[in-house]
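To start, the structure under review is shown below, and the notes come after it.
What's counted below: heavy atoms across the whole structure, side chains too, no hydrogens, waters or symmetry copies.
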Amino acid sequence: MINGVKTVAICASEMHNEDTQEILYPLICHLKDEGYGVLIFSTCTQLFYSTPFDKCESAVFSYIPFEELDVVFILSNVINNHSVVDDIIKKATVFKLPVVVYNLEDPIPDVINVSFEEGDAFGDLVTHIVDFHKVKKIKVVAGVPGNSASEGRVNVLKSILEDRGIPFDEELDLGYGLFYEEPTRRVVKRFLATEDSLPDVFICLNDSMAIETIRVLEEHGYRVPEDVMVTGFDGTMQERYSRIRLCTCKRDMQSLSRNLAKVIVEAGKSGSREEVIKIPYIFTPGPSCGCSLDLIINETIKEEDIFLKIYYSNRWESNMIYMDSKLSVVNSAEELLRYLQLYTNYDTYICTYKNSDTEAFLPATVMPDYDRSMMQGYFFPAEQGSPAENLGEFEENAVFPGLGRRLNRGDAFIYYSIHGEDKVTGYVAMEIDTGSYVRFGSSMNINQKFAGGLDTAISMHLMQMSLRKANSALYDIQNRIISGFSELVESRDDSTGQHIKRVSEYIKILCSHLSTKPEYSGLLNDYVIDLIYKAAPLHDVGKIKISDVILNKPGRLTPEEFNVIKTHTTEGYNIISSLMSGLEDPDYIEVAQEVALYHHEKWDG
């Protein structure tokens, strides 16, 4: 419990996905009705590739306060990384916490597995098509070759067709749409190009492929279902927005959410156990096969809901674009703090590692030597522009100061890790709006975008710091080379002694004094004085071309030798032009060239 409130941690990914939102919104509402506090720990990616970015994203799960929780719920269908899921389960097991997993793959041992079971649903769909609609010519758009779900549905279809003596040649009648739109488009176009006549039906093994198939058919002038039927599978949220509703097999999300809430509450009371709970798919005929032609967009998705989704989406997209543009050019922690106050849409808590040497916001972006055991918290009210509240220090944990009070009020929060490049600097926790399904989805989208924008800002800041550090090191190397080069020239001329060093200091003093004169104040600013000061050591660099015999001659030079000595100015100009062009700042090159070429000119030219 957190502050006396039974609390469940929900582990998920890609909260902008409407199918995920459809599961979580009623689940959170059910849990809140049961008096549970809800904390969602999420990532912006599915963690599929295990890149450094993915690893920083998955760090959010390290903040789960297992010792203060009652139940852990994992949406493993959207966290495409088995090691991450296994790690969460292992940590929960240490504290003997019950773990509930929504799992579409093989059951995981020692946890409560809840999933959908296709059962006879797909067989009912195929039977409906061949028996009720009397089809004879069938094309199948399957998923990924070797995928167990796809191959299982294909085998069910082949068995039903074989029982009825309906011909089906996998080489000619089956294509792989890979569960995505573009591969499906290619498959359907190939079918249309190689067949003399339309099939009676395209049986697609998920809704996304079915919707894309309808698009391709309509682009070729065919009508669904009048000219050809199309079926899907899964009953996704995308299908419910489709102009032509599908004949499909649906997952009853309301039933899933009710069952999940019931299982989670019971697990919180009885403790950990192993169990497998299956919820059946439901076959639902639809307009795409010619049935239920009066079925329009789902009655639960009203026109005003669609408008609000578009409105909220446009609003937060433009808002986040402004935020990204501002945060991408921040130069200090204070500036970042000021901009964040303008773009928080919901009550937001940003908690970062405490640096022992500074009180600056996001200290890890400023200094690498921070204490990972202590965090610094800031609260940003939902009212944009309101000042942030410093929450002080606390031990590393997702239970930021004031969380218990917020859970007692019935508030729910979603967490994301804050990171830049390969450095994790803390986490952001944002309030979730559960006022309605549309508002819930909007808050999920905005919060995820906000977290992504924050990561981008930190990455840019760290990159700028790295570039500044590299530039500073390079600048130091260049100065050392120039100084060393000048000293090398100086060492060949016994008569000059510390002449080169003295000239630089004299030049700086003279220029600084001249800059106070009206006639020179517009020319000799600090930048120009610094250029002249740094270029001064190169004034005699041309002497490298002069013979030691002449350069170190103890007596008076002959006129011929004196003419040779005078060439060190033009030789110096040529050396700087050939060796330094493109390697140094053009302004510096120009000043260095002029210093080398003109340093023996008389005052009147």
Inter-residue atom distance I88.CD1 - C11.SG, 0.5 Å rounding: 4.0 Å
Between V503 and I507, is there a side-chain heavy-atom distance shorter than 4.5 Å? yes
Here the gap from L403 atom CG to I2 atom CD1, rounded to the nearest 0.5 Å, amounts to 5.0 Å
Would I565 and L551 satisfy side chain to side chain contact (heavy atoms under 4.5 Å, CB included), going step by step from the backbone distance to the final call? CA-CA 7 Å; I565 280 287; L551 193 63; 4.2 Å; yes
A596 to G572 - nearest heavy-atom pair and separation: CB-C, 3.9 Å
Between the side chains of E396 and Y353, does any donor sit under 3.5 Å from an acceptor? yes
Where is the tightest heavy-atom contact between V591 and A535, given as atom of each residue plus distance? CG1-CB, 3.9 Å
Residue pair Y346, S442: steps toward the side chain to side chain contact (heavy atoms under 4.5 Å, CB included) verdict: CA-CA 11 Å; Y346 303 93; S442 178; 4.1 Å; yes
Can you tell if the side chain of K189 reaches within under 4.5 Å of the side chain of V216, non-hydrogen atoms only? yes
Residues I414, M444; criterion side chain to side chain contact (heavy atoms under 4.5 Å, CB included); working and verdict: CA-CA 8 Å; I414 184 166; M444 291 293 99; 4.0 Å; yes
Hey, are the side chains of P145 and L178 touching, using non-hydrogen atoms and a 4.5 Å cut-off? yes
Could you check if a side-chain atom of T558 sits within less than 4.5 angstrom of a side-chain atom of F562, using non-hydrogen atoms only? no
Would you find a donor on one side and an acceptor on the other, under 3.5 Å apart, between the side chain of K553 and the backbone of R556? yes
List the atom of Q21, the atom of M15, and the distance in Å for their closest heavy-atom pair. NE2-O, 2.8 Å
Step through it carefully: locate the ring centre of F400, locate the ring centre of F413, and say whether they are under 6.0 Å apart. yes
CZ-CD1 distance between R439 and I432, expressed to the nearest 0.5 angstrom: 13.5 Å
Does any part of the side chain of S515, heavy atoms only, come nearer than 4.5 Å to the side chain of S521, both counted from C-beta? no
Side-chain donor-acceptor pair under 3.5 Å between D19 and T236, yes or no? no
F95 atom CZ, neighbour heavy-atom count above 12 within 6.0 Å: yes
Could you check whether any side-chain heavy atom of V428 comes within less than 4.5 Å of a side-chain heavy atom of T348, counting everything from C-beta outward? yes
Let me confirm one number: the NE2-CD1 distance from H82 to I89, rounded to the nearest 0.5 Å. 11.0 Å
Would you check if there is a donor-acceptor pair between the side chains of E505 and Y533 at a distance under 3.5 Å? yes
Does a donor on one side chain and an acceptor on the other come within less than 3.5 Å for N445 and E18? no
Is it true that the side chains of Q238 and S208 contain a donor and an acceptor less than 3.5 Å apart? yes
What are the two closest heavy atoms between S62 and K91, and how far apart are they? CA-NZ, 4.3 Å
Answer yes when E561 and K566 have at least one side-chain N-carboxylate O distance shorter than 4.0 Å, and no when they do not. no
What distance separates T45 OG1 from E14 CD, expressed to the nearest 0.5 Å? 7.0 Å
Tell me whether R215 is salt-bridged to E212, with the criterion being a basic N under 4.0 Å from an acidic carboxylate O. yes
Side chains of Q376 and E393: any donor to acceptor distance under 3.5 Å? no
Using a 4.5 Å cut-off on heavy atoms from C-beta on, say whether the side chain of Y378 contacts that of L391. no
Is the closest side-chain heavy-atom distance between R406 and E431 below 4.5 Å? yes
Closest contact, heavy atoms only, G175 versus V187: CA-CG1, 3.8 Å
Atom pair SG (C44) and CG (D455), whose distance is rounded to the nearest 0.5 Å: 6.5 Å
Under 4.0 Å between a side-chain nitrogen and a carboxylate oxygen: does that hold for K543 and E571? no
For a quick check under 3.5 Å, do R185 and Y180 share a side-chain donor-acceptor pair by atom type? no
With Y573 as partner, the option from H568, Q593, E594 fulfilling side-chain contact (heavy atoms from CB on, under 4.5 Å) is Q593
Are there more than 12 heavy atoms of other residues, nucleotides or ligands under 6.0 Å from atom NE2 of H513? no
CA sep, side-chain torsions, deciding dist, call: Y415, F41, ring-ring contact (aromatic ring centres under 6.0 Å, His included): CA-CA 5 Å; Y415 291 72; F41 295 83; 4.5 Å; yes
H539 and H600: ring-ring contact (aromatic ring centres under 6.0 Å, His included), yes or no, with the steps? CA-CA 10 Å; H539 72 278; H600 280 289; 7.9 Å; no
Do you know which two heavy atoms are closest between L454 and I350, and how far apart they sit? CD2-CD1, 4.0 Å
Where the side chain of Y349 meets the backbone of Y427, is there a donor-acceptor pair that is under 3.5 Å apart? no
Taking S417 for its side chain and C56 for its backbone only, find out whether a donor-acceptor pair lies under 3.5 Å. yes
Got a salt bridge between K90 and D87, using NZ or NE/NH1/NH2 to carboxylate O under 4.0 Å? no
With side chain to side chain contact (heavy atoms under 4.5 Å, CB included) as the test, would you mind laying out the steps for D347 and D411 before giving the verdict? CA-CA 10 Å; D347 282 356; D411 298 331; over 6 Å; no
Can you confirm whether the side chains of N447 and Y416 place a donor and an acceptor under 3.5 Å from each other? no
Do you see a donor-acceptor pair shorter than 3.5 Å between the side chains of T43 and S13? yes
If you draw a 6.0 Å radius around CG in N563, do more than 12 non-hydrogen atoms from other residues or ligands fall strictly inside? yes
